[in-house]
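Since the structure comes first, as structure tokens, the remarks are kept for the end.
In what follows, chains are A, B, ... by sequence order, proteins preceding strands, each numbered from 1.
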Amino acid sequence: MTTATLPASSTRSQAALLVFLLPATLWLSIFFLLPLGIVLLYSLLGQGGNAGVNWQFTLGNYQQLLTPVYLGIFWRSLGLALLTTVICVLVGYPLAFFIVRQSATWRSLLLLLVIIPFWTNFLVRTYAWIILLRQQGVINTVLESVRLVDAPLPLLFTPLAVTIGLVYGYLPFMVLPLYSTLERFDFTLVEAAQDLGANDLRTFSRVVLPLTSRGIVAGCLLVFIPSVGAFITPDILGGAKTVMVGNLIQNQFLKALNWPLGSALSMALMALILIPVLAYFRVSEQQAGGRV
Amino acid sequence: MDKLAVELVEVFKLFKGPGGTDATAVNGIHLQIQDGEFFSLLGPSGCGKTTTLRMIAGFEQPSRGEIFIHGQPMAGRPPFHRSVNTVFQNYALFPHLTVAQNIAFGLEMDNLPKAQVRRRVGDMLALVRLEGKENAYPRQLSGGQQQRVALARALVKQPEVLLLDEPLGALDLKLRKEMQIELKHMQQQVGITFVFVTHDQEEALTMSDRIAVMHQGNVLQVGSPVDIYERPADAFVAGFIGESNFLAGQVAERNHQEAVVLVDNHLPIRVSLEDALVNIGHAVTLVLRPEKATLHSPGSCTEHCWAGTVEETLYLGTDTRYVVRLTDKSRIVVRNQNLHASDAQNFPPGSPVHVGVHPSALRILAAS
């Protein structure tokens with residue numbers, strides 16, 4: 001419903017708004033939308049020589065994705081990412097809860113301990129796990145010397161190793177949003193629940209959990225999304241047996257030089273991520289709308 | 001003989017201080033709260049009243065001593081195993097639940113059938129006059145309404161004792177006064193023992209059957225509002241409850257019923273000896289409530305008159321408050337009702353006056 005004339009100051013502030021938005025819009029267009037468009041375009045073209053393209057429109061790339069090999073890799077990526085996310089919740093929530101209940105000095109110290117790994121290069125941290133997990137690595141050496149095992153366990157180059165690497169790498173992304181939510185949580189609600197007859201378990205499930213669900217979901221998104229598309233961790237810790245979508249894409253672009261296929265894989269990965277994220281936003285909007 | 005609703009026997013609570021030292025929040029107190037009474041814990045911030053309440057609720061365990069509820073020892077029992085419910089200072093309503101769900105929470109913890117839960121929630125909503133608000137969320141309610149939900153949520157479980165931790169603190173004055181009366185009536189209607197924590201002595205006097213005045217972890221006096229006000233046990237109670245005048249002096253004469261105290265070495269004042277054990281020569285402190293003295297123009301005061309000069313007047317609508325200088329050292333505050341509209345202008349500052357004080361209006365506090 002438009003009215004006759006807007007006051008002059010309003011049009012001026014609208015113009016100012018557009019000017020402020022221009023750099024960001026320009027940046028996003030050139031460095032995000034444009035490349036995205038190119039990738040979408042490439043996914044529909046045929047493979048040409050030397051990482052080039054054959055200007056013939058085809059759905060063949062997408063058809064290749066539907067073969068068992070590729071589907072299997074997608075499935076595994078999804079599974080490992082979900083497993084990583086679940087483990088991060090199960091480990092991260094108690095950790096965040098514990099930190100929040102400490103005194104101020106201890107809290108800062110513990111949070112620092114959670115963040116310090118970020119100051120080290122991600123590659124270096126991932127390589128460190130090789131030293132721990134390989135056959136002559138630290139873990140196996142300790143287990144053998146204590147006679148818990150007879151032969152070294154094959155820990156490296158397994159889905160287990162990849163999961164460990166992903167959980168280790170992304171746990172802080174779960175802990176920090178959870179900590180933030182828990183810090184704002186009113187703990188007198190816990191006392192109120194106990195006063196009304198709820199034991200610890202029921203207090204947690206009926207009061208604490210529902211009111212911190214926002215933090216959990218935020219943490220899950222921050223862990224799941226990068227995990228699905230991870231390629232460094234499965235590359236270093238997974239070996240040839242644990243290939244994930246990220247590795248596939250990397251392969252197609254850098255080794256096989258099949259950019260159209262790589263593009264199709266990328267679009268498929270995006271869809272894989274966008275669908276749950278959009279579903280989450282739709283659900284949380286509904287919840288927010290229903291409340292007011 | 002009725003069993004005591006709540007009994008505290010030599011209860012201590014110590015907290016670890018920052019330097020590793022212990023801070024004594026509650027210092028060996030004894031309390032006996034009768035069944036069905038409205039009992040208040042009154043005192044300034046930091047006196048230990050909230051800590052005491054939390055120990056009764058089970059959120060803190062006493063460092064030493066025992067707590068009994070209807071004769072049952074509460075040692076080691078967590079809050080969810082005590083038939084005691086609390087109305088919190090900040091209400092602590094569950095923001096993700098509706099009013100009805102909040103009230104129903106405690107009943108659901110008891111695993112009551114749904115129909116019964118619905119009925120009792122409905123009854124409680126009627127009692128606190130919030131019918132129609134079942135499906136509202138706490139953030140949609142005013143402060144006063146939230147407070148009533150908190151009350152309903154605690155009362156619906158029909159606890160043996162209801163604990164209230166300064167529940168009226170966040171309300172504006174008028175609403176506060178209304179809620180004080182409403183709470184008092186509700187307690188009489190429901191018949192449950194209320195233990196009410198407040199720092200507002202007027203509030204305690206209005207609502208309570210009995211009051212325990214606390215200071216620095218100790219219970220200084222327990223009694224009815226009249227007892228506390230008219231017969232304060234010590235200087236702190238006299239000063240904390242209402243306004244008091246303190247006059248220091250020495251006992252010059254005494255007989256069976258009265259003594260003459262020489263205030264500031266030259267003002268003789270006659271005091272009724274109710275239960276005070278003093279002898280000639282003792283240094284004592286006299287307490288006088290401002291409303292128990294009358295102000296007269298010189299010459300019109302008939303007996304027990306002290307001469308003085310008005311220093312300040314303060315018009316309070318119902319009364320006028322005068323500060324009268326009696327001697328070089330002592331001033332007293334006198335409050336007289338404004339019975340006639342002109343009363344407020346009778347004694348402007350500077351007027352010579354006679355203060356009339358009957359000996360029974362004064363009390364002797366134990367010499368310190």
Next on the checklist: Would you say NZ of Lys133(B) has more than 12 non-hydrogen atoms from neighbouring residues, nucleotides or ligands within 6.0 angstrom?
Outcome noted: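 Incorrect, the count does not exceed 12.
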With a 4.5 angstrom heavy-atom cut-off, could you sort out which part of [X] is near chain A: side chain, backbone, both or neither?
{"X": "Leu107(B)", "result": "neither"}
{"X": "Arg54(B)", "result": "side chain"}
{"X": "Asn111(B)", "result": "side chain"}
{"X": "Glu108(B)", "result": "both"}
{"X": "Phe94(B)", "result": "both"}
{"X": "Asp110(B)", "result": "neither"}
{"X": "Val87(B)", "result": "neither"}

Item to check | Side chain, backbone, both or neither of Asp186(A) within contact of chain B (heavy atoms, under 4.5 Å) | outcome: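 For Asp186(A), the side chain is the part near chain B, not the backbone.
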Checklist entry - Contact part of Leu189(A) toward chain B, heavy-atom cut-off under 4.5 Å: side chain, backbone, both or neither? => result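 Both backbone and side chain.
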Next on the checklist: For the aromatic rings, using the six-membered ring if either is Trp, is the centroid distance between Tyr93(A) and Phe98(A) under 6.0 Å?
Outcome noted: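 No, ring centres 6.0 Å or more apart.
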Item to check | Within the 6.0 Å centroid threshold, strictly below: Phe39(B) and Phe194(B) | outcome: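 Ring-ring flag for Phe39(B)/Phe194(B): false, centres at least 6.0 Å apart.
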Checklist entry - Is the charged tip of Arg139(B) near the ring of Tyr137(B): under 6.0 Å from the six-membered ring centre and within 45° of its axis? => result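 Yes, cation above the ring, under 6.0 Å and within 45°.
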Item to check | Stacked cation flag Arg101(A) on Phe187(A), 6.0 angstrom / 45 deg | outcome: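 Here Arg101(A) passes the 6.0 Å and 45° test against Phe187(A).
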Next on the checklist: Under the side-chain contact (heavy atoms from CB on, under 4.5 Å) test against Phe15(B), which residue among Thr51(B), Val26(B), Thr24(B), Asp22(B) passes?
Outcome noted: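 Single side-chain contact (heavy atoms from CB on, under 4.5 Å) partner of Phe15(B) among Thr51(B), Val26(B), Thr24(B), Asp22(B): Thr51(B).
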Next on the checklist: If we check side chain to side chain donor-acceptor pair (under 3.5 Å) with Asp209(B), which of these qualifies: Lys184(B), Gln34(B), Gln187(B)?
Outcome noted: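 That would be Lys184(B).
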